[in-house]
Amino acid sequence: MKKNVVKNLIFVGIIIVYIVFCFMQTPLTKAVVMNGETAVGSMWSLLPPIIAIGLALITKEVYSSLFIGIVSGAVIACVSLGTGFEGFMQYVVKDGLIANISDSYNVGILIFLVVLGAIVVLMNKAGGSRAYGEWAAKHIKSRVGASLSTFFLGVLIFVDDYFNCLTVGSVMRPVTDKHQISRSKLAYLIDATAAPVCIIAPISSWAAAVSGTVQDVNGIQLFISTIPYNLYALLTLIMVIFIAVSNMDYGPMRTHEINAINGDLFTTRNSVYAEDDKPSSFKGKVIDLILPVVVLICLSVLGMLYTGGLFGGENIIDAFANCDASYGLSLGSIAALIVIIVYYLIRGVLKFNECMDSLVGGFKQMVPAIFILVFAWTLKTMTNTLGAAEFVKGLVENATAVQILLPLILFVVAAGLSFATGTSWGTFGILIPIVTGVFSSQLTNAAQNGIPEMVIICISACLAGAVCGDHCSPISDTTIMASTGAQCDHVNHVSTQLPYAMTVAGVSALGYLLAGFVQNVFVVLGISIILMFATLFVIRLIVGSDSAVKAVAVSADTKAADERKAVKPEKNVTANTEPKKASSNAKSSKKSNNTKGKNKKANSKNK
């Protein structure tokens, strides 16, 4: 209770101090100045997301926190622009909620969400998930194997982060649940292999978005050049592998993992709709999960390429660069849903009425994600109304005089802007044109002389910072999708992931500080990787190599191995061997009791 009071007081103190600084910079009546049709903001423009994010982390309730952030932004806008109560309602309802729900791109994402939810329910009811879980229990024999399997599947699905989050979550949930990996840990594994993988994949919706923000330079060539300098993405992948292999956890995640091993996968709230996940068919096989996922991947990629003009004569790279991810994913997912329903009907694992009921069940599963997304989009609209983009742009342009520190400054600014607005695409869409504008004279002969190294480093810093802020922000689309894919409480995902993301962010910041002085990719990347491993080993020493998580994890793996042995058919034994078998069982029972006693001592010691 005292801790909660202290947290609340700290949050209120931070808000009061920030508001004082806002008044020192500019009065509330001039918080937004219209320059033609462009809103030029001030420090006030970042107050709504700060309030929303702070409330979400303290109250553990994301819906009301986001709505209060929206309302605070509308109050600032109507006071500053003098629109009164009528303007307030317009900012919240018409220009906010209604505009975002009716936006064609947003609607496409919502359709993709609902259709994917329906496909997941179909796979569960057909028994595909149950069959895959049984297969995985035999072939994936440890928590390390389950974590690495999730990681590698996330790396393989590099085309789009939304698609990555929801597909990996639906496929790997049965496996991680079997090995008692918490839903918060699964959400982290999904999130850490979504945007960080897409931002270093040349053929992805992210590569297309980045290449579209630059002019007078080959966008794809520039994007590929930034990959070795994208420290946050590369170091995040290294950290995921290290944590998975070492069974090391720290911060709130450690508590969630201990609870999961003791049988509580969620720690706080269970957001799973059990009635929709219950298999209605026990005829399902592994192919009833694998084939739908493959169909979904192929048709979704094909849908994106179609919207990019592949069938109109464009090559694959240009088709990805020009694709409409929202429309393409909607097309692909709807086509996949039809194919999957027909397949299940032919297989006889589901009846037509059960397939139709799954559509409603899928929508029901996605309702929390839809609510959060709509509120997050509305909050982004509110920060745009308050001129946050122009305010941050002015800060960066003023900082260009210190060119050696520019990579570090860009990384920090990009992370802060992405964290506050919840959009990585919007962040590098704002900052990359500023960088190319600052170095415009050096880019005039880029076709002949190549792109200057400092330009590549600065753009990499923008991309890395954007992904970092997106990774940490509770109002980020990708973070919301990761929570949805893992069926994990959203605030739990944010609070457990934050220490891991900040660890990588700290090392990345040092790497970009070094990059300003030593503009050599091998030196910068090599030293950054060494620093990352050094940091992780120090944390491991602090947490303790004989931590409760590792001890109980080993016990859980042993228990799972014993269960697998128990389900194997027993061989015929003769009467002479029965005494030996009984003696062996007695020894095994005694050993098991000793192990349980040790585990109880370890748990009580940890508590």
Side-chain angles (χ1 to χ4, degrees), residues 49 52-53 56 62-63 65-66 69-70 96-97 99-101 103-117 154 157-169 187-188 190-199 204-206 208-210 233 300 304 324-330 333 366-384 388 414-415 417-430 463 465-488 490-491 493-494 497 501:
I53 292 167
V62 69
Y63 306 111
S65 301
L66 288 172
I70 293 167
L97 295 171
N100 282 286
I101 293 174
D103 180 80
S104 61
Y105 188 91
N106 293 348
V107 170
I109 295 301
L110 296 181
I111 290 173
F112 176 63
L113 264 179
V114 172
V115 172
L116 195 57
I157 305 177
F158 56 81
V159 175
D160 185 75
D161 54 331
Y162 290 176
F163 183 51
N164 180 305
C165 289
L166 298 174
T167 305
V168 174
Y188 168 70
I190 294 170
D191 211 350
T193 53
V197 170
C198 293
I199 199 64
S204 68
S205 56
W206 286 61
V210 173
S300 296
M304 293 173 66
D324 183 340
S326 172
Y327 179 38
L329 289 174
S330 298
S333 60
M366 293 301 173
V367 166
I370 291 172
F371 263 106
I372 296 172
L373 274 176
V374 170
F375 282 153
W377 287 333
T378 304
L379 185 59
K380 293 174 191 177
T381 302
M382 199 60 66
T383 57
N384 291 336
L417 180 59
S418 181
F419 181 80
T421 60
T423 167
S424 49
W425 285 26
T427 298
F428 56 66
I430 293 168
L463 300 180
V467 172
C468 175
D470 179 269
H471 206 188
C472 299
S473 176
I475 61 174
S476 158
D477 295 2
T478 311
T479 308
I480 296 166
M481 294 290 186
S483 301
T484 306
Q487 291 191 355
C488 165
H490 183 59
V491 177
H493 170 43
V494 174
Q497 177 171 263

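Everything numeric in this text was worked out from a predicted model, so none of it was measured.
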- [ ] Apply side-chain contact (heavy atoms from CB on, under 4.5 Å) to the pair Val107 and Ile101, showing each step before the final yes or no.
- [x] CA-CA 6 Å; Val107 170; Ile101 293 174; 5.6 Å; no
- [ ] Dump the intermediate steps for side-chain contact (heavy atoms from CB on, under 4.5 Å) on Leu97 and Trp377, then the final yes or no.
- [x] CA-CA 8 Å; Leu97 295 171; Trp377 287 333; over 6 Å; no
Task: Thr478 and Cys165: CA distance, side-chain angles, deciding distance, side-chain contact (heavy atoms from CB on, under 4.5 Å) verdict - done: CA-CA 8 Å; Thr478 311; Cys165 289; 4.0 Å; yes
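Residues Thr381 and Asn100 have side chains that bring a donor and an acceptor to within less than 3.5 angstrom of each other.
Pairing each heavy atom of His490 with each of Pro474, the nearest pair is NE2-O, 2.6 Å. Contact record, Val467 with Ala195: CG1-CB, 4.1 Å, taken as the closest heavy-atom pair. Nearest heavy-atom pair across Thr479 and Asp470 is OG1-O, 2.9 Å. The two residues Gly154 and Val168 have their closest heavy-atom pair at CA-CG2, 3.8 Å. Looking at every heavy atom in both residues, Ser326 comes nearest to Tyr105 through OG-O, 2.6 Å. The minimum heavy-atom distance linking Gly485 with Ile190 is given by the pair C-CD1, 4.3 Å.
How far CE of Met382 is from CZ of Phe375: 11.5 Å, rounded to the nearest 0.5 Å. In this structure, Thr378 OG1 and Ile70 CD1 are separated by 4.5 Å, a value rounded to the nearest 0.5 Å. Here the NE2 atom belonging to His493 is positioned 7.0 Å from the SG atom belonging to Cys488, to the nearest 0.5 angstrom. One distance of note links CD1 of Ile370 with CD1 of Ile480; it measures 11.5 Å at 0.5 Å rounding.
For Ser330 (side chain) and Gly108 (main-chain N/O), a donor-acceptor pair under 3.5 Å exists by modelled atom type.
Taking the six-membered ring where tryptophan is involved, the planes of Tyr188 and His471 are essentially parallel, since the angle between them stays under 30° and well short of 60°.
Judged as a side chain to side chain contact (heavy atoms under 4.5 Å, CB included), and not counting sequence neighbours, the contacts of Ser473 are Ile53, Phe419, Ile475, Ser476. For Asn106, there are no side-chain hydrogen bond (donor to acceptor under 3.5 Å, both in side chains) partners at least two apart in sequence or on another chain.
For residues 471-482, the pairs satisfying salt bridge (Lys or Arg N to Asp or Glu O under 4.0 Å) are Lys380-Asp477, with sequence neighbours left out.
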